[in-house]
Amino acid sequence: MAEELSVRSGEHEDFTRLVIKVPEGTSWTLDSSDRGARLNVELPDVTYDTDAVFERLSQNRLLFLKQEKPGDDLDIGFACNCVANGFLHAGAMIVIDIRESKDKPSAPLVLPLARTKPRETLHAARRSSPQTPDQAPKTGIHALPTPVPSLNIARTGEEIEARLLTQVLKGTDQEVLDLDLAAVGPRQSGASLQAALERTLNLHNIAVGTVVDRDLTGDPTGISLLEPETACLSDNVLDFASWSNGTSFSTQLANARSNLFGEFDRLDRGQALRLARLFAYFGFGAEAKQILELANHSSDESSRIRAIAAAVEKTTALAENPFIGQQRCGGDAALWATLTEGHVAENADTEAIELAFLRLPDHLVTHLGPELARLLTKADQLEAARRILRAVERVGVNSKATTALVEAELASAEENPEREENKLKDAVEAEQATAEAPLALIRLIEKRWEEQGVVSGKEVELAAAFALEYRRSELGNPLKMAHVLAMALNQQFDEAMGTLFGERDHRPRKMWGQTFERVAVAMTERADDITFLRHTVGLSSDLISVMSDDAVDVVAGRLVSLGFHETALSLAGDRGVQREARAMILARAALETGLPHRAMLAVEEYTTPAASLVRADAMYSSGNYAAAAEHASQMGDNEAATRYLWLADAWDHVSGEAGTKYPLIVGLSRDLSAQAAHNALPPLAESKRLLENSTLTREMVGDLIGQFD
């Protein structure tokens, strides 16, 4: 096959730009000619696809693009006194800029009001001398009358077209004109007239921008090859309904394939596009893309077919999406923009999207409806999502599992957990559910985890079966991790950890780490002490690194409560994250291991009551009871403060209004001291006094001891 190069165009204020993508290393030359230029590309039998060039132009600098036969040069005709400059961009793009020449033109230029055949028309302005109306060429394009300078009302075609365009746009802004023209009456030529008008005025290719937009494009070379496609794509251009003629698929397929190759087995690119449209219309996206690759065809139409084929295959990764920014538009373009972009934009016209969806054939309604409802649900367009699902149900041939899965997402958005649970179960248990059943089971297990619920033994067995069945598919790893989590939620911690570590090297690290973290948290909250300690004591730094800070704090907190303070220190101390919850755990573990100064350092940056209590306990552990009493008093713990003062023998500082038991203890201690303090008496007198006061002393000592637990 000959090498076909696609020619694309872009309109700028001062110049018209043509862009031709060529293989890297291709030699080329651009030579000037009379009111034009000639491009030579050194490729054998090269041809140029120029179908979409004039759809983007509005300044009337380019008159025609023409190639006599494959391998010939590309003739570029100017409709102005212009010059062409060419350069190579990115090593694989020939860029040709057509600008107004500063030299005075040799003859007056007369432009037409319309271009019915921009690629082939040779205008009378190319002649060296002006013509009268009677001498105008008979090509279906009427030249303007000879101007009358004395009246000062003559205008060139370019000026008249510009004024006409300005007035049309002004009327549109005032809502007295509608650019979406429809055929008038039963005339057969209505559609062609509409298409000709759109090509002539180029109203759907007007873009507004500033130098700020240009500077924000991120191109370090400052070269903007093509203006962004922001205009709305009308149904007259897309015309999705005409991609099938209403007969059976087999009949249309046979006709299209029989005409795919012509004489000498040359591929008919027009028939290839027709076949690709047919495949996409009937839901065979992969086949449509294969035909486009076979045709090696690059145009706006083939780009639209490729995007719709991707939407049918439910793949949104497109290198070039012609529907970008079309969700705000009416018609079918809004629907395909939503499906190809994979989300509902904030400015999306949801009403137009719904109407376009209802115009789809039944097989696409059932195929694309659940996905569209899911996207609307994500965008919080719940009523629209319900209407889409009802439309799918009316067709009545869709998989119940697919619909139930989307209804579960809708119930989740409505914060209806009971309905979500029921719909997920319906999807899991539905017949002929294919991939929807394991997906629903994964989401069901996730839901149980989020709600801190449990998973039944039957669901654990089903997860194991799905994990085995889909082990070589995209769902293989997610199902294995869901099975592990299901076992943990069923308190089968030994089995969960055994499965999790069985093939650790073959699992995605992020998914594996998230599952390990969840199992560890579930064990911390639900497992008995022996099971918990068996799997958490001695965790390696590699395992700790995959756990989140919250999970580490939960596990370390239980280790502290069980008395494994050194293990908690090694687990939480290696994280290097400054957060109060972590500091409290480290401080408590340090206190219990006889490291009061490390505990003080852990809470050094915090001033909360809990941190003050840690400081008080650290001072107490180091024997500084007075300082401990001061910290306890600052945090309002009078009980601890008076206790530390008692231990520090600072009885005089204990207030009698402290509201604790220690003022009474201090009082009893003082009374006992008073009992012991007496003047020196003879032995018999002292013995008599002790004997007389022994009962009172025993009662006071008993009261003092009774104040302590």
Side-chain angles (χ1 to χ4, degrees), residues 8-11 51-58 114-116 118 161 164-208 226-245 273-274 276-277 280-281 299-309 311 318 320-341 345 347-361 364:
R8 303 186 66 182
S9 61
E11 197 69 274
D51 292 341
V53 169
F54 288 91
E55 294 180 3
R56 306 178 62 91
L57 302 184
S58 59
R115 297 188 303 273
T116 56
E161 184 177 12
L164 176 61
L165 179 59
T166 301
Q167 294 301 320
V168 169
L169 293 177
K170 183 177 179 181
T172 305
D173 292 339
Q174 296 173 349
E175 297 184 355
V176 296
L177 290 179
D178 184 5
L179 297 184
D180 190 9
L181 304 180
V184 179
R187 296 183 300 165
Q188 298 296 323
S189 60
S192 61
L193 288 175
Q194 167 67 13
L197 181 61
E198 289 182 350
R199 285 196 306 270
T200 302
L201 297 183
N202 279 295
L203 298 178
H204 59 288
N205 283 306
I206 294 176
V208 179
L226 295 174
E227 296 295 328
E229 186 80 25
T230 59
C232 291
L233 187 65
S234 69
D235 286 347
N236 289 330
V237 175
L238 182 58
D239 200 14
F240 182 74
S242 68
W243 289 16
S244 171
N245 59 19
L273 287 181
R274 176 191 170 193
R277 287 194 297 266
Y281 183 89
S299 66
D300 288 345
E301 184 176 10
S302 64
S303 178
R304 291 192 290 267
I305 298 172
R306 189 174 286 105
I308 291 178
L318 292 174
E320 295 183 4
N321 188 351
F323 296 107
I324 287 290
Q326 300 278 317
Q327 295 191 38
R328 59 181 173 80
C329 305
D332 294 343
L335 171 64
W336 295 114
T338 303
L339 293 173
T340 52
E341 292 185 53
N347 63 344
D349 187 346
T350 54
E351 182 178 354
I353 292 171
E354 290 185 62
L355 292 175
F357 173 76
L358 295 176
R359 290 193 295 268
L360 292 176
L364 289 183

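The first residue in the sequence is number 1, and the count goes up from there.
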**Student:** Which pair of heavy atoms, one from P322 and one from A307, lies closest together, and at what distance?
**Tutor:** CD-CB, 3.8 Å
**Student:** Is there a donor-acceptor pair closer than 3.5 Å between any side-chain N or O of D51 and the backbone N or O of S299?
**Tutor:** no
**Student:** Is F323 close to R304 at the side-chain level, that is, under 4.5 Å between some pair of heavy atoms?
**Tutor:** yes
**Student:** Using side-chain contact (heavy atoms from CB on, under 4.5 Å) as the criterion, list what pairs up with E354, not counting sequence neighbours.
**Tutor:** A384, R387, I388
**Student:** Going by heavy atoms in the side chains, are L238 and I308 under 4.5 Å from each other?
**Tutor:** yes
**Student:** Is D349 close to Q326 at the side-chain level, that is, under 4.5 Å between some pair of heavy atoms?
**Tutor:** no
**Student:** Can you sort out the partners of N347 under side-chain hydrogen bond (donor to acceptor under 3.5 Å, both in side chains), two or more places apart, ordered by chain and number?
**Tutor:** none
**Student:** State, with a plain yes or no, whether a side-chain heavy atom of F240 is found less than 4.5 Å away from one of L364.
**Tutor:** yes
**Student:** Looking at side-chain heavy atoms only, is the closest gap between R277 and S244 below 4.5 Å?
**Tutor:** no
**Student:** Do Y281 and P361 make a side-chain contact, defined as non-hydrogen atoms from C-beta onward lying under 4.5 Å apart?
**Tutor:** yes
**Student:** Dump the intermediate steps for side-chain hydrogen bond (donor to acceptor under 3.5 Å, both in side chains) on D300 and S303, then the final yes or no.
**Tutor:** CA-CA 5 Å; D300 288 345; S303 178; over 6 Å; no
**Student:** Determine whether L273 and E301 satisfy the following criterion, side-chain contact (heavy atoms from CB on, under 4.5 Å), listing intermediate values before the conclusion.
**Tutor:** CA-CA 8 Å; L273 287 181; E301 184 176 10; 3.9 Å; yes
**Student:** Does any non-hydrogen side-chain atom of L335 lie less than 4.5 Å from one of L360?
**Tutor:** yes
**Student:** By side-chain contact (heavy atoms from CB on, under 4.5 Å), which residues pair with A309, not counting sequence neighbours?
**Tutor:** A288, K289
**Student:** With sequence neighbours excluded, tell me which residues meet side-chain contact (heavy atoms from CB on, under 4.5 Å) with A311.
**Tutor:** W336, L339, T340
**Student:** Does the side chain of V53 come within less than 4.5 Å of R8's, by heavy atoms?
**Tutor:** no
**Student:** Excluding sequence neighbours, so at least two apart, what forms side-chain hydrogen bond (donor to acceptor under 3.5 Å, both in side chains) with R274?
**Tutor:** Q271
**Student:** Would a distance-only check, ignoring hydrogens and angles, find a side-chain to backbone donor-acceptor pair under 3.5 Å from Q327 to A334?
**Tutor:** no
**Student:** Is E320 salt-bridged to R306, cutoff N-O under 4.0 Å?
**Tutor:** no
